[in-house]
Visitor: 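Let me begin by handing over the structure; questions about it come next.
This structure is a prediction, so every number in the text was calculated from the model and none was measured.
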Amino acid sequence: MGGQVTFAHSQEEFDAIRARIANLCEVSSVLPAWPFRGGGYAYTYDFLTILSRGFGSVLQYIASECGDGGIEIMGWGRGEELDYFGVYPAFAIGAESIKRSYELALSADRVNPLNRYNVPEDMFEGIVIVGDSESWCLYGDRDWDVVLIWSRFALDLESQVLKPMTFEDFLSPLRPSGPGNDHSIWRQLYANVRANSWNA
């Protein structure tokens, strides 16, 4: 990837990315709790959209609007990092190459001593992305099929090819209702988003 993506190769590098993410997001948070450390503008996508080939352009737009020099991504799976992935599931991308490099990194199967398959778009059960301006943060959970983006500033995501869900979409009866199809916890997530967002 031509040096455009920097993968975490040690526990120290992984912990450093995790610590910077923790400035904005409760990394151990579990939905339906609001995962961010404060209120702000909130936008929602479904989980598979952020794994799609076009989402790098959305991240490129956000980073440009917020003045980021780069972004950092951390994922998690169904087991301890090294046992499950064979690698540390975190990487950084410089701002100038986010659109293309994000898509390449999501499809990368990194060589590792345990010979573990670890392609992020298949293996990430959760994901957090932050810009180095600390102006925004993305939190996604595959089980819920939902992604929340928090920002200090209003973002014109409606102008992007991949548009966010409206709050009506978010409550659509056609959407899954959280783990176990529990409508009550889905409504609680919606209530928590509304309570903490400035644009809901």
Visitor: I need the Glu65 CD to Ser135 OG distance, nearest 0.5 Å.
Guide: 11.0 Å
Visitor: Answer yes or no: is there a side-chain heavy-atom contact under 4.5 Å between Gln160 and Tyr61?
Guide: yes
Visitor: Measuring only between side-chain heavy atoms, which start at C-beta, is Ser57 closer than 4.5 Å to Lys99?
Guide: yes
Visitor: Measuring from Leu106:CG to Met123:CE, what's the distance to the nearest 0.5 Å?
Guide: 14.0 Å
Visitor: Under a 4.5 Å cut-off applied to non-hydrogen side-chain atoms, are Leu31 and Val146 in contact?
Guide: yes
Visitor: Drop me the distance from Arg194's CZ to Leu189's CG, to the nearest 0.5 angstrom.
Guide: 12.5 Å
Visitor: Has the side chain of Asp68 got a donor or acceptor atom that lies under 3.5 Å from a matching backbone atom of Ile71?
Guide: no
Visitor: Side chains of Leu59 and Trp136, heavy atoms from C-beta outward: is any pair under 4.5 Å?
Guide: yes
Visitor: More than 12 non-hydrogen atoms from neighbouring residues, nucleotides or ligands closer than 6.0 Å to CG on Asn115, yes or no?
Guide: no
Visitor: Can you find a heavy atom in the side chain of Arg152 that is under 4.5 Å from one in the side chain of Leu24?
Guide: yes
Visitor: Taking it one step at a time, do Val147 and Thr49 satisfy side-chain contact (heavy atoms from CB on, under 4.5 Å)?
Guide: CA-CA 9 Å; Val147 167; Thr49 295; over 6 Å; no
Visitor: So which atom in Glu72 and which in Ala92 form the shortest heavy-atom distance, rounded to 0.1 Å?
Guide: CG-CB, 4.0 Å
Visitor: Please round to the nearest 0.5 Å and tell me the distance separating atom CZ of Arg20 and atom SG of Cys137.
Guide: 13.5 Å
Visitor: On a heavy-atom basis, which atom in Gly86 and which in Asn112 lie closest, and how many Å separate them?
Guide: O-CB, 3.1 Å
Visitor: Give me the atom names and distance for the closest heavy-atom approach of Phe7 to Ala108.
Guide: CZ-CB, 4.4 Å
Visitor: Quick one: does Asn199's side chain have a donor or acceptor within less than 3.5 Å of a partner on Tyr41's backbone?
Guide: no
Visitor: Please determine which of Trp76, Tyr45, Tyr43 meets the ring-ring contact (aromatic ring centres under 6.0 Å, His included) test together with Tyr139.
Guide: Trp76
Visitor: Is Tyr84 reachable from Tyr117 through a run of hydrophobic residues whose side-chain heavy atoms are each under 4.5 Å from the next?
Guide: yes
Visitor: Mind checking whether Phe153 and Ile149 sit in one hydrophobic cluster, side chains of I, L, V, M, F, W, Y counted as touching below 4.5 Å?
Guide: no
Visitor: Ignoring hydrogens and geometry, is there a side-chain-to-backbone donor-acceptor pair from Asp132 to Gly70 under 3.5 Å?
Guide: yes
Visitor: Working to the nearest 0.5 angstrom, can you tell me the gap between His9 NE2 and Arg110 CZ?
Guide: 5.5 Å
Visitor: Say whether, by atom type as modelled, one donor and one acceptor occur between the side chain of Arg116 and the main chain of Asp83 under 3.5 angstrom.
Guide: yes
Visitor: Provide the closest heavy-atom pair for Ser107 versus Glu121 in the form atom of the first, atom of the second, distance.
Guide: CB-OE2, 3.9 Å
Visitor: Closest heavy-atom contact between Ala8 and Ile17?
Guide: CB-CD1, 4.5 Å
Visitor: Is there a side-chain contact (heavy atoms from CB on, under 4.5 Å) between Tyr190 and Val193 once you walk through the steps?
Guide: CA-CA 5 Å; Tyr190 177 76; Val193 171; 5.7 Å; no
Visitor: Could you tell me if Gln4 and Ser101 have a donor-acceptor pair between their side chains, going purely by distance under 3.5 Å?
Guide: yes
Visitor: What are the two closest non-hydrogen atoms of Phe14 and Pro89, and how far apart are they?
Guide: CE1-CD, 3.8 Å
Visitor: CG/Asp109 to CG/Asn118 distance, rounded to the nearest 0.5 angstrom?
Guide: 5.0 Å
Visitor: Could you state whether Val119 and Phe47 fall into the same hydrophobic cluster, counting links through intermediate Ile, Leu, Val, Met, Phe, Trp or Tyr residues with side-chain heavy atoms under 4.5 angstrom apart?
Guide: yes
Visitor: Below 4.5 Å, heavy atoms only, C-beta onward: do Thr6 and Phe91 meet side chain to side chain?
Guide: no
Visitor: Looking at Glu158, is its backbone amide N or carbonyl O close enough to the side chain of Lys163 to form a donor-acceptor pair, meaning the two atoms are under 3.5 Å apart?
Guide: yes
Visitor: Are any of the side-chain heavy atoms of Tyr88 and Leu82 separated by less than 4.5 Å?
Guide: yes
Visitor: Take atom CD in Glu12; do more than 12 heavy atoms of anything else shown fall under 6.0 Å from it?
Guide: no
Visitor: Can you list the steps and then say if Ile62 with Leu157 is a side-chain contact (heavy atoms from CB on, under 4.5 Å)?
Guide: CA-CA 8 Å; Ile62 296 174; Leu157 296 180; 4.0 Å; yes
Visitor: Report the C-alpha separation of Arg142 and Leu51 in whole Å, then their side-chain angles, then the decisive distance to 0.1 Å, and conclude whether the side-chain contact (heavy atoms from CB on, under 4.5 Å) test is met.
Guide: CA-CA 10 Å; Arg142 189 188 294 267; Leu51 301 179; 3.6 Å; yes
Visitor: Is there a donor-acceptor contact under 3.5 Å from the side chain of Gln60 to the main chain of Ile98?
Guide: yes
Visitor: Would a hydrophobic clustering, with Ile, Leu, Val, Met, Phe, Trp and Tyr connected at side-chain separations under 4.5 Å, put Leu48 with Ile127?
Guide: yes
Visitor: Check whether any side-chain heavy atom of Ile129 lies under 4.5 Å from a side-chain heavy atom of Tyr102, and answer yes or no.
Guide: yes
